[in-house]
Every structure is written in structure tokens, then in C-alpha cells.
Amino acid sequence: MRYSIEAAHWWIARALKELTDRAGIRPADIDGLSVSSFTLAPDTAVGLTQHLGLTPRWLDNIPMGGASAVVALRRAARAVEAGDATIVACVGGDANHVDSFRKLLSSFSRFAQDASYPYGYGGPNGSFALLTDHYMRTYGAKREDFGKICVAQRDNALTYPHAIMKKKLTIDDYMTARPIADPIHLFDCVMPCAGAEAFLVTSADVAKDLGLPYATLLSAIERHNAFPDDPIQMRGGWAMDVDELYAMAGSKPSDIDVLETYDDYPVIVMMQFEDLGFCEKGEGPDFVRSHDLTNGGDFPQNTSGGQLSAGQAGAGGGYLGMVEALRQITGQPLSEKVKGAKTALVSGFGMINYDRGLCSGAAILRGGGA
Amino acid sequence: MTEPISRPPKKDPQKVTRPPELPPLERSRASLKLSASAARGVFALQVCEACGTIAYPPRDACPGCLSTGLEFRPADDGGEVIAETVVRTSTDLYFRQRTPWRVGTVRLDCGPSIVAHLHGDVVVPGRVRMVSKLDKSGNAVLMALPTGETENMADDLEFRELTADPKFRRVLVTDGRGVIGQAVASALSKAGASIVFVGIAEPWKPFPGQERLAAIPNVQVMELDLTDTISVNELAGEIGGKTDILVNTADHVRPGGLLASRSLVTARDSFDVNVFGLQRLAQAFGPGMRARGADGTNSAAAFVDVLPVYALANTPDFGFYSASAAARHSLLQCLRAELRPGGVRVMSVFTGPVEDDWRQHVPPPKVLPGKIAEAVVAALRGGIEESFVGDVARDIATRFLDNPKVLERELGL
Amino acid sequence: MTETPKKDTAGLLAALAAGIKGSGIEVVDLTHTLTPDFPVMVLPPELGQCQPFRIEEVSRYDERGPGWYWNNISMSEHAGTHFDAPAHWISGRNLPHGTVDQLPFEKLIAPAVVLDFSRESAVDEDFLLTAAHIEAWEGENGRIEPGVWALFRTDWSKHLGTPKYLNLREDGAHSPGPDASAMEFLVKERGIAGFGTETIGTDCGQGNHMSPPYPAHYILHGNGRYGLQCLNALDRLPARGAVLFAAPLKIRHGSGSPLRVFALVPAGAGKD
């Protein structure tokens, strides 16, 4: 929900309870915990163990914003593979009080404090506006192209019961919306909200024993502070490791049935199409113009609406795509089902430290288990 | 094309004065060093002593080789602006008062990418010249300017936030009896101040330059005795609410060290003028100026003090004079912090020995009052917190930064 | 001198008190108010200066002192309406009892004569009072007795608040005062207790150029006599008959001080 008086701890607990209830396990069965949140302070994952009555033998705190879910999955999978944990709960969640956004910005990072916010204090909107402006100048993207992404994602969101945005968005609505930081306008921005999302990571055997539908992690990459010499961000870290992503999974872009990109802003969605191998750098605008991005279209992406329509629950926003991908490929979608969805690519991105998003990650998952 | 600012209308007496807000205050220590350079009007960036990498934002270790040997050095100010945005809404009260606010990404010729304020005449994409100036919080910010002079360039709204331009502002010059005050009054009148109040103590005592002073356009001579608390308070009561810039030119100078003087009387006079005079001005005019830091085109902008460079190190031939200057310097540091919440800048103009009656025996180079006046105007127009007038002042400043104890010896030998 | 019998002395004092309280005796305040903008003597800048009166509020029924109002004051001994003691001048440096704490107290209540040269001063800013002028005055007003205060009326006090009070020009100040002959006459021939003026200084504005320099100071104090300066309201005193009260502060080794100086006059006697 948009504003809530509850703390992050409350939302995280709600997600974990539903997770364990639906999985038919007790909280004590969780022996690994990965937490991502911007609003747990003064607590970290450590405080949460005592707060929630958990005694894990593997604990992780991932402060990577929108990349947290992918990275959490990557870490948890290795822990399970190595035998360091049996059932890992990965959760991302945040409170959203009336002053949460302002407080979050005011102490986000040292470089943001020193070198970004004193310049207009536009927050992430200002930073991504600069990226978007440069991208548009360099590659000829038009506002209409970004609008198409937003409109398609809104159509997807209208099929998702938990989406915060409930009204249809037309391209005209998009184009005439009020400017936030040129060229970014109202519907380029996510709506911060309170909430949490969670998933379990375990071995196939344990999943089968519990009788749970599951997906298999085929590959995962992550990269931080990629391309530091780019004068401004034109590509994310995925471009450095995308070949390994597909090689590890033994697949190629055309094998992906459903794509969940990290959509803090539509320009980053477009960059992910390029950097994750679906088209060449600079072809993002053309790609968007020539594909249908809705759940029923030829390139379904952000099938529950993405953060742009479902809302960003802080670090939980990064989990939105992961959970949606899992639901689609394990046959339990809450949004409109993507026909024949078996293989999903989930991408994460985030943490504008100064002038560019530092964290990135991606994972390929295959469903059809149990 | 920058719209020229126009003469502000008379203030609506029924309207609540806009409260001054400050841009973000917090900075890391490394970034404060950027501010130290900006305080002197220098565009400086960190350079790695080991590998030569130029790093921005300011940091603790080189991103090229991990060395902690990063030093701020004057840098090449040329670059290319490659992206821009106009911020329309903000959670920060300072910028919220000032939207729309134009910001851009500049790729410097010397390497780093800078998120910077953009002057309205900057064309994107295009070449720019960077400047480093203090914003109203006293922190350095970088701004991209057009490479050449453009019309009404100083009137750009974002640029004006970084300066204390005297144009259309009302100024008080505190000592019109002295040569410095007279030169400053003349220079400020020429710089476009709408009124230049000039304070005179003991108006029954004639002084040289009296008629010329009264004849300067827009000058209004007022009674002001910096050694008399009542006098200062009364003038503040009269004109404090319309003092946008205050320039304290008081300079009670007498030769002599501690041992030669044989009595405290003259030293006390020096302190009463140079130190407590400043304090009286601060107490009487400070609160009003602080409250008017965002009060329109002619907002309260700066409190300027012209003081001897011997504030930094004592010259024993003017021993107690130097001591009074040191006290003055310390008071200015205090005042700087106290006026900051209003976004009012406290500027120090350090001068070497002035060419005046008391320093006839001091060997050249000496400073002409006209040069001090130029420096005051330049400080206001450029938002320069600390400036040094003349060769001696610049020399002393360099030696002080290098090693204050050696300077003490050099002056004391 | 015959001594007045004790009974009569008591009666004298009672009559004095009654006169001041009821009728017959008027108290005329000859003192200007001490304010920070009261001008003081101007000296060459290399020399120690005369500090003007300064007042700093300590508290005024506020957090600095909730129930009271008071100030700190500071000034030169020679600021405002003030008294000069013999020790003030080099010519009097060796005289005994030359400082304000030591001078014979009974001399501070004495009859006063008013030498009215206000008309002459109105047309000549550098008017010099000479022995001849005083002898002419005596011709009309009678001989000046020993032990009196000679008050030199010029109406210069009316210029206070204007540049004419000091009348400073490039060659110094221009205001009336006595020459050496007048001072020699008053001190040596008439034995006055002291000399009072309305200007800053007992000497004329150009006193430095006279011989000796500052003859009023030189001769008065060299002979153990006193000075009063910046007097006010001399035009309310009769030429004869006023009794002057002029008691400086009792400052140890003091050379002078501001003071409250007033005169008792027969009621209605003061005329222009």
C-alpha cells in the first residue's frame, strides 16, 4: 500500500509468514535468511533474527536495492549447493511512511551527499533524467518509445491484483503528464509504497519432499561499478557478463519466454533489452517500436506491471520481478498467464551512488518442476 | 539569453518575508577540501600523487591505483556538457523554493564526469567552462558556464545563488572617514548598488575627501561610530532592514609592539574599533540580515570585512594592530557560522599594508585603496569568501599555508 | 577675617536650605548631559587620545539581570563638562595637592563672576580675552575678589551639536579664549580660584600657537588653580552674586573628572 504506519519489520514478517504457510513449513525450518531493506535501521538482518524468532545458520544482508533479489538468489543457491543451508528464505521489504522518501534520500550514499543532491536535489529522478536525456540524444529514443513501455506495463498491471495502479494508462496520458525532471514526467516514475516480497531457495529434493512447485536456477551473474570510464551511464553491468549468463544456462535470448526487467525508469528497461542480448546497443528504441510488450504479446516483459505500475516497496521492488517470474513459470500466476512460459530471465539493477546505478544482476530460471 | 534582473519593487509591508532555506549542508571531509579551494575562487580537483588520476567526487583513495595520496590542485576547467535536466520538484526545501532548476552532466577534459549546475546560456551539447563556488550552505558546488562572456551573465538565477552581486542591492560602508571606505563607496556605487549608506563618526570633525564622498551618486552619509554601541544600534534600527550588504572598512592602525607602547590606551582604541566595532555591527545588523537571506532580488547577501593580512601572523612593528586583526579574523569565522542559517556570506578581504598616512614609513609594495575597493566588488560579484589584495597579502597567505611557524619567524626577525 | 559665631552659622545653613527649598535661591545646572556623541578634545593622532564618554548596558530587567537596570561607563577624565586639576598640566606637575583627590575641598564652593563677552564672540570666532577687557569689565561690575571662579561667557554652549562647537578647520580649532595677559592678570593680580569656559578647553581653539602655548592651562595650573570646561547656561547667571559648586570625582591621583557643576543664584537674578 502507498503509505503505511507499519515498520519494515512488520511487512517482512507478513511476507515470511505467508511464505512459510504456503510452503507448509514452520518458521523454525528456515535455516538460511537473506534480507534486503532500506528502512530496517537501526536494525540489519541480525536484529531481525531475534525480532522474528529465527535461528539461521546462514545469514545475509544485501543492500543492493533493485539488484538485491537476483543477488540474494545467487548467494542462497551457492549456500544450498555447498550444504551451508537447507531452506533459505529470501525477503525484500520496506516501510513507507509519509517522510520515508525524503529521509532515505538525505542519507543515501556519500557521493550522493557530496556530489549529487546539492545539485537540484532531484533525487533518483534527477539522476535518471540526465541518463534519459543522454540516451535520447545519443540513440534517438523518443518519449513515445518510453511511453510505450509504460503503457504496456500498465496493461499488464491491470491483470495483477496487488498492483497499486488501477487505472488504464494511455499514451496521451503519458505524454501530457506533468514534468518531474525533464525529460522524465510523472508516469516515468515509480510510486514508492510499503510492502514485501519473498521466496524460498532450497534443493530440488527438499522442494519435491514438500510437494512445492519450483523453478530451477540455471545461471546467475552480478557486476558492480561496471564501465566506470563511461562518461555517463549508457549500459549496465550485464553487458560485461551476459555471454556467461547464457552459456552457464545453455540457452540464448530467443529461449527466454518471459522477461522481468528492473524498471526504476523506462530508459533502464530499454538498456536491459540491449545489455541482456535481445538487441544491439542503440537499437532499444527500434526494438520497443517493433514488439508487443504485454503478457499476450510477442515479447512479454514485466508481466505484473513492474514497479512503474505495481509500485516500488523499497528494496522489495527488486523482488517484484523475481516473484512474478517464479509465479509465471511454476504455473501459479496472479497476473495474466503468459502462454507456454517455461524459461524466465529476471534482471536486477540499482543503487545510484553518484551518477549511475552501480549494482546489476541477472538470473535465468526454468520452471516446470513438481 | 539571460534575462537581466530588474530593479526590485518596494517591499510589500503586508507580506510574510520568505524564510531563508539552505541547500544540503552535510559533506564528507574530503569534499570540505573542495570548499576550501572554492572559498578562494579556485577550481581545484583531487590529483593522485602516485599515478596522476584526477578523481571526482572527492574521496579518500585513488580509483586508479588505490593510493591515499590524493591532493587538491588547480585543474583544467574545460569540458563538454553531454546531458541536462530541469528539476521541477524536490523534497528539499531550498530547491523547492527555486524550481525549475537546471542541472547537467559535464565530461571534463581532464577526465571525470561532473553533475553540475548549468548556467542558462549553456547549450547542450556544447563546450563549457567550470567554476567552483560556495553555495549558500558554504559548500563548494560546481557550475558550468558558457566559455565566453554572455549578456547579463551575472544575472542568471542559479549563478546569483552563488554570489552576492551588489547590483540593485543596498550597501552600508561603515567608515567613510577613511580612504578605504571612500574608495569602496565609490566602487559600489559604480557596481550598481541602489543605495550606498556611508557611516561617519564624529560628523563635527572635518575630514579629507568629505565633499567628494557626499557627491558620489547614490551615497547617503549617516552617523555611525563603531566604538559607540548606541550609535551602531540606532543606525541598525534605521536602516538594518534594508542593509543587503555590509562592508566594514574600519581600520584603526597605529605602529608599535607590546613593549614600546607603555600603556594600553592606544591598543584598547585599536581593539575597540577593529574588534568590538565588528562585533557591534554583527550584533546590530546580523540578525536582520540573517532573516532576509531569501528576501527577493535585493536579499541580504553578504557581510564583508576588510582586514589586515597580519591577522594570520603578527608583524611586531604593528604588534597590537596585528593582534586586533587576529581577533577580528576569529570573530569573522564565528560570524560566518552564525550567519550561515540565513545564507548570508561572511567575506574576508585581507589586505597588505595600505598606502595611507600611518604607513608612510612602511616600504613598498603597498596597497592603494582603489585596489581594495576593486577586490571588495570582485569578492561580491564572484562569491569569493577569502581574497587577498596586493602582492604582500598574497605572499603572506602562501607562506601561512605552507608553514605558519616559519612565517612567524620571518615576520619577527 | 572675623569668624561668624556658631549660632549664626547654624542659622546661615538653615537659611540656605530654606532658600533652596522654598524661595529666594535658584539652583542653576551648568552641566551638559554626558552622552557618547559629546565631542572631546582633538589631539594629533600620534598622541594618546581623549576617550569620549561610552556607556554599555549591563542589564535591563532581562535575562542579564532580571530585576534591575545598570550600565558600565568609561570616558577620559576630560570628557564632557569637566574639571581640570593642577596636576593636569606640566606647569603644575610639582605642586602639592595638585590632583583631584587632594585639592582643598573647601575651595570647591566659591563665588563666581561671569565675564560676558558673548557679543564679541558672536562676531569673532577667535576672540581673545585680554587683561584690558577684564579691566574694562571691572569698571562696570567692580573689582574681582580673590578666591572666586571667573567664568568666561561666550554663549558657545549653544553651538553644541553643530560643527561650530569645535569649529575645526585645516589649521585647527577656532573658538574664543584668554591670552596670557588675561590669565596673568586673573591669577596674579586678582587671585582667582579657577577659570571656567563654555568651550572644550580653557584655552582658545588656536591656543597651541600662543605664547606660552595654551596659556590658560599653563598659567592656571602652574599656579595651582583650577579649570572648568564645557559649561552650560552661563547666560542664566548674574555678573556677580552666584555661588559655584564644582566638586570633581575623588579619583586617586586623578588629573580631573567630569562632574555635576551648578550655581546658586538669587531667584530671578539671571538675565541676558
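Numbered from 1 within each chain, the chains take letters A, B, ... in sequence-line order.
- A salt bridge links D286(A) and R289(A); the closest N-O separation between the charged side-chain nitrogens and carboxylate oxygens is under 4.0 Å.
- Heavy atoms closer than 4.5 Å to chain A are found in both the backbone and the side chain of R59(B).
- Only the side chain of Y354(A) comes within contact range of chain B, with heavy atoms under 4.5 Å apart.
- Listed options N139(B), L142(B), V115(B), L25(B) were ranked by heavy-atom pairs under 4.5 angstrom with chain A; first place goes to V115(B).
- The aromatic rings of Y135(A) and F146(A) are tilted relative to each other, their planes meeting at an angle between 30° and 60°.
- The contact between P58(B) and chain A is made entirely by backbone atoms, counting heavy-atom distances below 4.5 Å.
- Across P24(B), S28(B), A116(B), the residue that shares the most heavy-atom pairs under 4.5 angstrom with chain A is S28(B).
- Counting only distance, with no hydrogens or angles, the side chain of R27(B) and the backbone of L32(B) share no donor-acceptor pair below 3.5 Å.
- Comparing D135(B), V124(B), I114(B) by heavy-atom pairs within less than 4.5 Å of chain A, the highest count is held by V124(B).
- Of the atoms belonging to L34(B), not a single heavy atom falls under 4.5 Å from chain A.
- Between F349(A) and W238(A), the distance from one ring center to the other falls under 6.0 angstrom.
- A donor-acceptor contact shorter than 3.5 Å links the side chain of D155(B) to the backbone of I5(B).
- The candidate from D355(A), T132(A), I180(A) with the greatest count of non-hydrogen atom pairs under 4.5 Å with chain B is I180(A).
- Side-chain atoms of S309(A) and R154(A) form a donor-acceptor pair, as typed in the model, at a separation below 3.5 Å.
- Between chain B and the options A115(A), P183(A), P118(A), P179(A), heavy-atom pairs under 4.5 Å are most frequent for P118(A).
- By the 4.0 Å N-to-carboxylate-O rule, D60(B) lies close enough to R110(A) to be salt-bridged with it.
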